[in-house]
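One structure is given here, and the rest of the page talks about it.
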Amino acid sequence: MMRSHYCSQLNKTMNGREITLCGWVHRRRDHGGVIFLDIRDRDGLAQVVFDQGCAESFATASRVRSEYVVKITGKVRLRPTGAMNVNITSGAIEVLGYELKILNEAETLPFSLNEYSDVGEETRLRYRFLDLRRPEIAKNLHLRSRITINIRRFLDEHGFLDVETPILTLATPEGARDYLVPSRTHAGSFFALPQSPQLFKQLLMVAGFDRYYQIAKCFRDEDLRTDRQPEFTQIDIETSFLNEQEIMSFTEQMICNLFKEVLGLELSKFPRMTFKEVMRRYGSDKPDLRIPLELVDVADQLQDVDYRVFSGSANDPKCRIAALRLPGGASLPRKQINDYTKFVSIYGAKGLAYIKINKRANGIDGLQSPIVKNIPEANLNTILNRVGAIDGDIVFFGADKAKIVNEALGALRLKLGHDLNLLTCKWAPMWVIDFPMFKENDDGSFSALHHPFTAPKCSPEELETNLASALSRAYDMVLNGTELGGGSIRIHCKEMQKAVFRLLRINETEQQKKFGFLLDALKYGAPPHGGLAFGLDRLVMLMAGCQSIREVMAFPKTQSAADVMMQAPSVVDAKVLRELHIHLREIPKSE
Ligand code: ASP
């Protein structure tokens, strides 16, 4: 080995020792007769000093530039008290260098690693191998590795078997578009990349493995407006003979253990709330419980008011009227309320009605609002009492289709929470349970809310009669408003699976074609089973305190699903296409 130590291993106890470091020149400062090199390696920095006492190495030190790769031998010595650097582990010492070997030179980098903040993401991703040299980003990958090791150890200790499942496979219905791979040997046929290992893990349960996990790559061709990536990683888990309570408790314990061992944090027990409750109170199925604001239903008080926006919604079963109280919000300036009105319009809200409570004791006169004159005082009082409004508050209202109100006020709740620093704690994990089985599409058809292998809470007969209101045995773990993982108890009886397919309008022929193997597997003694999958990228992002999953992936793709470093996807030779039996409709211009 060329080196004796990593930079961060150097400390006061090594005073006087001869050591050898290998790494990059992070910074070079020339102070006339002395040259300081900050040497960077995989886990830290160390300061090395060259003086004219050693003419040869001093001359080399004058020549090196940022990002040269060097090997340095020298002696550790204590820094004078005033020169210590508390920001780095080796900050109490420096190395007096007497041998300096340049292992490789470096041209000037396309961006400086110290002042990276102005560099566009596209450039950073194009030179990701340089971007990853920055300690700020490298540390995320170190954390990621610690997290996966911790999870693997925990699952291994609890009897889970790590099994790999195929990447070249058939479509898995998780609600996104598939990435397809043309088959050379089967002309005209395509593999799909897995959207998740869902069906394979269920088949492993049928095979009797009892406890499976995999840190699995998943592929979904989605619109990348939000912080999503076409390929991402799941911690995928499946078990047999456990019910949803047991699966939730076990995986909760896994996440608590992870936070404790990796971040030194104790998470409290996760509250469990039904889908219905979270939609009512937070307008979202992944509520951020750090924010102490809640939606309150008030339509019953507004059915007869002389204000059509309210009375119309109050009398339409597809609509909702919710109030959101912001304590102390009466002091919000007009401009800010206008900004919030604009903000909710993104979600389709046509306005943002509000009441400022200046002095409740003064009745209507104590309220400031464009709408109070249209609402009878008795109803107003009931509403204000229900939301707990006191002097100095503002109450916002949303009245529209339930979906619009939930999305608009749900988003406003988050925005107010962050804008006004209302967060009550740092970590708020929870479970959402009792999801509906299906969601209704605009054309009146239904699709699976989770995936079509999720077990309902009722019999096949009840399911067929209560399509819209049937509940599933699915559960989601939510952390700080982010869906961290989700799963369900699965259907393990053939008849139930066929009933669900039928309700989803998948006919017999299609059932056989797409899921024949699953229906077969369910015939031959499938155990009751269930599981879930965590989004590893999101988990690491939250634990690292990052804003985007791209910050915790080594080589993420851009917003347009491209790899700007490798220049993928790319045009391929006509010969290759011919072998794959592919004829392009339109040849890209670049060819
Ligand atoms: N396969 C599901 C998903 O990718 C997770 C699960 O149900 O276990 O969301």
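Here the structure is a predicted model, which means the values were calculated and not measured. We count residues from 1, following the sequence as given. Each ligand, and each atom within it, is numbered from 1 in the order the structure gives.
Comparing heavy-atom distances from atom 4 (O) of ligand 1 across Q234, Q202, K201 singles out Q234 as nearest.
Using the six-membered ring where Trp is involved, Y127 and F129 have ring planes that are perpendicular, over 60° apart on the 30 and 60° scheme. The aromatic rings of F154 and F250 sit tilted relative to each other, their planes meeting at an angle between 30° and 60°. Ring orientation note: the planes of W431 and F270 are tilted relative to one another, at an angle of 30° to 60°. Ring pair F275/F435 is tilted by interplanar angle, where 30° to 60° counts as tilted.
The distance criterion of under 3.5 Å between nitrogen or oxygen atoms is not met by Q195 with respect to ligand 1. The distance criterion of under 3.5 Å between nitrogen or oxygen atoms is met by R220 with respect to ligand 1. In terms of polar-atom proximity, defined here as any N/O pair under 3.5 Å, R490 does make such a contact with ligand 1.
Between R490 and H451, the closest side-chain pair of non-hydrogen atoms falls below 4.5 Å. Side chains of E246 and T239 form no contact here, defined as non-hydrogen atoms less than 4.5 Å apart.
When each atom of ligand 1 is checked for a heavy atom of A533 under 4.0 Å away, the hits are 5 (C), 8 (O). Per-residue contacts place G487 under 4.0 angstrom from the following atoms of ligand 1 (heavy atoms of the residue considered): 6 (C), 7 (O). Atoms of ligand 1 lying under 4.0 Å from any heavy atom of Q198, numbered from 1 in the order shown and given with element: 1 (N), 2 (C), 5 (C), 6 (C), 7 (O), 8 (O).
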Between Q202 and Q198, is the side-chain hydrogen bond (donor to acceptor under 3.5 Å, both in side chains) condition met? List the steps.
CA-CA 6 Å; Q202 290 190 232; Q198 183 61 34; 2.8 Å; yes
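In this structure, the protein non-hydrogen atom closest to atom 5 (C) of ligand 1 is G486 O, 3.4 Å. The protein non-hydrogen atom at the shortest distance from atom 9 (O) of ligand 1 is E174 OE1, 3.7 Å.
Not a single heavy atom of E238 sits closer than 4.0 Å to an atom of ligand 1.
Using a 4.0 Å cut-off between heavy atoms, S196 contacts ligand 1 through its side chain alone, with no backbone atom that close.
Relative to the ring axis of F232, K217 does not place its NZ or CZ within 45° and under 6.0 Å from the centre.
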